[in-house]
Amino acid sequence: IEEGGQQAFTTITKSQLEFPGILEAYDAVASWVEANHFDFEGDPREVYFADPSQLKDDDPVADIAWPVR
């Protein structure tokens, strides 16, 4: 359980889980945070809302989320 707060995030598909593709999602969130003048607050997270083994490559599977202030 985590405290509430703001997070910047992007949703990724099953095919984007593979390295190095997943790094692009982390970079995209970090770029957005910096471009919108937020500060990072803690470590990023992968928040899975589906089982990748049950999905097609283009199905959404998780959010890459970064706490911000």
Side-chain angles (χ1 to χ4, degrees):
I1 297 176
E2 295 184 31
E3 292 183 30
Q6 290 184 304
Q7 293 188 20
F9 71 94
T10 190
T11 301
I12 61 173
T13 63
K14 178 182 175 179
S15 65
Q16 292 171 306
L17 288 176
E18 297 297 319
F19 182 86
I22 195 167
L23 296 180
E24 293 176 13
Y26 280 92
D27 290 344
V29 175
S31 293
W32 186 93
V33 169
E34 291 171 348
N36 288 277
H37 310 289
F38 283 89
D39 293 316
F40 297 100
E41 187 169 85
D43 297 321
R45 292 131 169 83
E46 295 174 18
V47 182
Y48 291 82
F49 49 79
D51 179 355
S53 69
Q54 304 298 313
L55 301 174
K56 297 177 184 171
D57 283 346
D58 60 346
D59 288 335
V61 67
D63 291 332
I64 302 302
W66 215 314
V68 297
R69 56 179 153 78

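- Under the 4.5 Å side-chain heavy-atom criterion for Ile, Leu, Val, Met, Phe, Trp and Tyr, I12 and Y48 are members of the same hydrophobic cluster.
- Atom CD of E46 is surrounded by more than 12 heavy atoms from other residues, nucleotides or ligands within 6.0 Å.
- Among all heavy-atom pairs drawn from P60 and L55, the shortest one is O-CD1, 3.6 Å.
- The closest side-chain donor-acceptor pair between S31 and E34, if any, does not fall under 3.5 angstrom.
- When all heavy atoms of Q7 and A65 are compared, the closest pair comes out as OE1-CB, 2.9 Å.
- Summarising the geometry, atom CD1 belonging to I64 is positioned 9.5 Å from atom CG belonging to L23; distances are rounded to the nearest 0.5 Å.
- The heavy-atom pair separating R69 from Q6 by the smallest distance is CA-OE1, 4.5 Å.
- Judged as a salt bridge (Lys or Arg N to Asp or Glu O under 4.0 Å), not a single pair has a partner in residues 49-63 (not counting sequence neighbours).
- Contact of the P52 side chain with the L17 side chain is registered, since non-hydrogen atoms from C-beta on lie closer than 4.5 Å.
- A ring pair (Phe, Tyr, Trp, His ring centres under 6.0 Å) with W66 is found for exactly one of F9, F40, F38, namely F40.
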